[in-house]
**Q** 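Mind having a look at this structure? Questions to follow.
Below, chains carry the letters A, B, ... as their sequence lines are ordered, and counting in each starts from 1.
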2 protein chains.
Amino acid sequence: MTRSGADLALLLLGGFRALADAAGAELEARGFPDVRPVHDFAMRAIAAGAGNTSELGRRLAVSKQAAAKTVAVLEERGYVARETDPGDARAKRLQVTPLGFEVLRQGEAIFDQLRGQWEQQIGPEQLAVLERQLQVLVGDSPIRLDTPGWMAREIG
Amino acid sequence: MTRSGADLALLLLGGFRALADAAGAELEARGFPDVRPVHDFAMRAIAAGAGNTSELGRRLAVSKQAAAKTVAVLEERGYVARETDPGDARAKRLQVTPLGFEVLRQGEAIFDQLRGQWEQQIGPEQLAVLERQLQVLVGDSPIRLDTPGWMAREIG
DNA sequence: TGGACAAGGACAACTAAGTTGTCTAAGTTA
DNA sequence: TAACTTAGACAACTTAGTTGTCCTTGTCCA
């Protein structure tokens with residue numbers, strides 16, 4: 001069967017959404033409603049060393065204002081703490097709270113479990129091949145997988 | 001190599017974005033700036049028989065208000081025409097203009113061309129397998145590929 | 001045939017996640 | 001010390017959605 005390029009794009013997006021929707025629902029069921037992929041990215045970046053909001057914006061390839069809004073949400077929900085930086089009176093230091101780390105841990109577990117279901121459906125070797133091929137195709141494009149700036153924008 | 005489930009989700013989204021970004025850029029280069037996937041979906045639905053805004057909303061799995069906004073944009077840009085329905089004084093009949101059809105045609109051609117590039121990179125059989133596997137995985141999920149309501153929402 | 005309900009569409013206010021632009025305060029450097 | 005640069009706050013705007021309210025028109029049925 002010869003498919004169109006548009007179909008291919010839809011399959012990819014559909015695959016992502018199938019995983020993301022299921023993960024979001026499960027995370028909600030586990031007591032973490034309203035956790036979005038963006039929050040996961042942000043917490044991961046902070047845990048990996050983004051010490052303040054401006055730095056977080058740079059790592060996520062997003063304006064510092066956008067980063068500040070995300071941090072505000074995360075702080076409000078108790079996933080990230082902000083304290084004044086002792087070494088720089090301008091800055092507020094960012095830290096992922098234990099609750100934040102718990103979300104990260106559970107999110108990972110959920111995604112791994114979903115991947116396990118896919119493995120059962122098409123087989124481990126097949127899934128590995130699919131991942132390898134996607135890696136080639138995406139790696140050959142300008143898309144960087146570790147920044148979420150391109151996520152929300154331009155999707156619709 | 002054992003990958004995480006989160007990596008898999010990112011690869012899928014990244015693959016989609018690689019295609020969508022390239023297609024958007026090419027469409028812009030061909031003289032159609034600001035055409036979004038949502039517009040493509042909407043025009044296709046209208047061409048396929050969504051005769052008014054409320055019906056369009058239902059087909060796209062989106063509120064009629066959201067559909068009305070999309071139609072307003074498409075009308076402003078000359079891709080869709082609205083005329084009063086002779087048989088129902090409440091309704092405005094929707095039609096894709098020749099310019100709208102031109103966008104659809106070129107969009108298809110661009111996506112097919114991009115798919116061709118991927119075929120060259122991993123081989124036609126491999127790409128067909130990838131598509132078949134994705135079809136299985138997505139077909140097994142609640143995701144419907146012909147409605148864009150889930151596109152913009154919940155991505156970030 | 002009239003009265004109740006359904007449907008199309010307009011208008012307004014809101015959300016989420018981004019954007020630019022402007023501003024202050026605090027470090028850094030020549 | 002004066003001139004940048006940086007961190008962050010605040011405001012206004014964008015896009016694609018959401019609810020809710022309202023008016024008008026069409027349909028159905030007792």
**Q** Provide, to the nearest angstrom, the distance between the CG atom belonging to B:D88 and the P atom belonging to D:dG26.
**A** 5 Å
**Q** Would you mind reading off the distance between B:L60 atom CG and D:dG17 atom P, rounded to a whole angstrom?
**A** 8 Å
**Q** Check if the side chain of A:K69 and the base of C:dG18 share a donor-acceptor pair of N or O atoms closer than 3.5 Å.
**A** yes
**Q** Under 3.5 Å, is there an N or O donor on one side and an acceptor on the other linking the side chain of B:Q65 and the base of C:dG8?
**A** no
**Q** Kindly write out the residues that satisfy side-chain contact (heavy atoms from CB on, under 4.5 Å) with A:D88, not counting sequence neighbours, or none if the list is empty.
**A** A:D85, A:R90, A:A91
**Q** When the distance from CZ of B:R36 to P of D:dT14 is rounded to whole Å, what number comes out?
**A** 14 Å
**Q** So how far is it from A:R93 CZ to A:T53 OG1, rounded to the nearest 0.5 Å?
**A** 13.5 Å
**Q** State whether the number of non-hydrogen atoms from other residues, nucleotides or ligands found under 6.0 Å of A:Q120 atom CD is greater than 12.
**A** no
**Q** Does the side chain of B:E102 pick up a donor-acceptor pair with the side chain of B:Q106 at under 3.5 Å?
**A** yes
**Q** Expressed in angstrom and rounded to an integer, what is the separation of A:L94 atom CG from D:dA7 atom C1'?
**A** 11 Å
**Q** Kindly give the atom pairs (protein nitrogen or oxygen, nucleotide nitrogen or oxygen) under 3.5 Å for nucleotides 3-7 of chain C.
**A**
residue, atom, partner, partner atom, Å
C:dA7, O4', B:R90, NH1, 3.4
C:dA7, N3, B:R90, NH1, 3.2

**Q** For A:R17 and D:dG17, give me the distance from atom CZ to atom C1', rounded to whole Å.
**A** 13 Å
**Q** Over all heavy atoms of both residues, which pair between B:W118 and B:G15 is shortest? Give the atoms and the distance, please.
**A** CH2-O, 3.8 Å
**Q** To the side chain of B:A66, which of C:dG27, C:dG8, D:dG17 is closest?
**A** D:dG17
**Q** Classify the nucleic acid contact of A:E55 as base, sugar-phosphate or nothing, counting any heavy atom under 4.0 Å across all strands shown.
**A** nothing
**Q** Identify whether any heavy atom of A:R82 sits under 4.0 Å from a base atom; if not, whether one sits that close to sugar-phosphate; answer base, sugar-phosphate or nothing.
**A** sugar-phosphate
**Q** Quick check: are there more than 12 heavy atoms from other residues, nucleotides or ligands sitting under 6.0 Å from CD of B:Q95?
**A** no
**Q** When all nucleic acid strands are considered with a 4.0 Å heavy-atom cut-off, which category describes A:T53: base, sugar-phosphate, or nothing?
**A** sugar-phosphate
**Q** Please work out if B:K64 contacts a base, only the sugar-phosphate, or nothing of the nucleic acid, heavy-atom cut-off 4.0 Å.
**A** base
**Q** Could you go through nucleotides 2-4 of chain D and list every protein N or O atom that sits under 3.5 Å from one of its N or O atoms, giving the distance for each pair?
**A**
none

**Q** Could you check how far CG of A:L56 sits from C1' of C:dG18, rounded to whole Å?
**A** 14 Å
